[in-house]
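Below is one structure, written out as structure tokens, with a few remarks after it.
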Amino acid sequence: MIVLQLVIYCLIFTAIVKVAVIGGAVNGLYFYPKEIQDRVIENGLITREKMNKRRKIFMSAFYIIMPVAAVLIIGLWNQVTDFKTAYLQALLFLLVMNWYDGIVIDKLWVGYSKLWIIPGMEDLPYVQTWSQMIKKRVFLSLIWVFGAALIAGIVVLIF
């Protein structure tokens, strides 16, 4: 059952990312390296203000939807009421999502899909190297150790 829940959790994350780039990759410009952001803005495809506004909308959705989904899965679906179990499940969900983001979203989907190509930027690298991706994921894994405690605390308070 937990594998199914992890798949659902990652699909929710994928849906949030997909919605962010409806209308084209420029709408998700904040996902790209600064060099690409600067050139796209220079070329007039989007303003920095609009890009930052889209980033805020995405991050707000992400930081609301993903924790709420985790709380509902752990507390409601799995009926967890103790902190330790809630923490371990939350940590599992967050770590799987983190590595899913790095490998499936960044390396595979962004790296091989035409959806993510911004016209005029083909000469710039927009996908992180494996080394860059792994470093970022290890760092984020440390952050999620604390995020899992927040989610577990909410689960215990509500359920």
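Counting from 1, the numbers follow the sequence of the chain as shown.
Under a hydrophobic-cluster definition in which Ile, Leu, Val, Met, Phe, Trp and Tyr are linked whenever side-chain heavy atoms come within less than 4.5 Å, directly or via other members, Val68 and Leu94 are assigned to the same cluster. The hydrophobic clustering, which links ILVMFWY residues whose side-chain heavy atoms are closer than 4.5 Å, places Leu88 and Val3 together. One hydrophobic cluster holds both Ile65 and Val155 under the rule that ILVMFWY side chains link at heavy-atom gaps under 4.5 Å. Residues Phe62 and Leu6 are members of one and the same hydrophobic cluster, defined by side-chain heavy-atom contacts under 4.5 angstrom among Ile, Leu, Val, Met, Phe, Trp and Tyr. Connection of Ile22 to Tyr30 is not established within any shared hydrophobic cluster, with ILVMFWY side chains joined at heavy-atom distances below 4.5 Å, either directly or through further cluster members.
Contact check for Lys50 versus Val26: no side-chain heavy atoms found under the 4.5 Å cut-off. In this structure, the side chains of Thr81 and Val156 stay at 4.5 Å or more apart for every pair of heavy atoms. In this structure the side chain of Lys18 reaches within 4.5 angstrom of the side chain of Leu115, judged on heavy atoms. Here the side chains of Arg137 and Asp101 are in contact, with some heavy-atom distance below 4.5 Å. Looking at heavy atoms from C-beta onward, Gln79 lies out of side-chain contact with Phe159 at the 4.5 angstrom threshold. Looking only at side-chain heavy atoms (C-beta outward), Ser60 and Ile57 stay at 4.5 Å or farther from each other. At a threshold of 4.5 Å between non-hydrogen side-chain atoms, the residues Asp82 and Tyr87 do not count as touching. By the 4.5 Å heavy-atom criterion applied to side chains, Trp144 and Leu92 are not counted as neighbours.
Of all heavy-atom pairs spanning Ala25 and Ile117, the tightest one is CB-O, 4.2 Å. Residues Gln128 and Lys107 come closest through the heavy atom pair O-NZ, 2.7 Å. What you find for Asp38 and Arg48 is that their closest heavy atoms are OD1-NH2, 2.7 Å. Closest heavy-atom contact between Ile64 and Pro67: O-CD, 3.5 Å. Closest heavy-atom contact between Ile41 and Thr47: CG1-C, 4.3 Å. The two residues Ala148 and Ala90 come nearest to each other via the heavy atoms O-CB, 3.7 Å.
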May I have the step-by-step check of side chain to side chain contact (heavy atoms under 4.5 Å, CB included) for Leu95 and Tyr100, ending in yes or no?
-> CA-CA 8 Å; Leu95 291 178; Tyr100 171 85; over 6 Å; no
Going through the checks in order, is the side chain to side chain contact (heavy atoms under 4.5 Å, CB included) test met by Val96 and Tyr9?
-> CA-CA 9 Å; Val96 167; Tyr9 195 68; over 6 Å; no
Might you work through the side chain to side chain contact (heavy atoms under 4.5 Å, CB included) test for Gln5 and Phe93, ending with a clear yes or no?
-> CA-CA 9 Å; Gln5 293 168 341; Phe93 278 87; 3.7 Å; yes
Quick one: do Ile118 and Leu45 satisfy side chain to side chain contact (heavy atoms under 4.5 Å, CB included)? Show the steps, please.
-> CA-CA 10 Å; Ile118 298 175; Leu45 298 175; 4.1 Å; yes
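Among Phe31, Phe13, Trp116, the single residue meeting the ring-ring contact (aromatic ring centres under 6.0 Å, His included) criterion with Trp109 is Trp116.
To the nearest 0.5 angstrom, Cys10 atom SG is 7.0 Å from Met66 atom CE. Going from atom CD1 of Ile134 over to atom OG of Ser141 covers 11.0 Å, rounded to the nearest 0.5 Å. Taking CG from Leu11 and CD1 from Ile16, the interatomic distance works out to 11.5 Å, rounded to the nearest 0.5 Å. Note that CG of Asn52 is 8.0 Å distant from CD of Gln37, once rounded to the nearest 0.5 Å. If you take CG on Asn78 and CD1 on Ile2, they are separated by 5.0 Å, rounding to the nearest 0.5 Å. A distance of 11.0 Å separates CD1 of Ile12 from CE of Met97, quoted to the nearest 0.5 Å.
Residue-environment remark: CD (Glu35) stays at or below the threshold of 12 foreign heavy atoms within 6.0 Å.
No donor-acceptor pair closer than 3.5 Å links the side chain of Glu42 to the backbone N or O of Val40. For Gln89 (side chain) and Ala86 (main-chain N/O), no donor-acceptor pair under 3.5 Å exists by modelled atom type.
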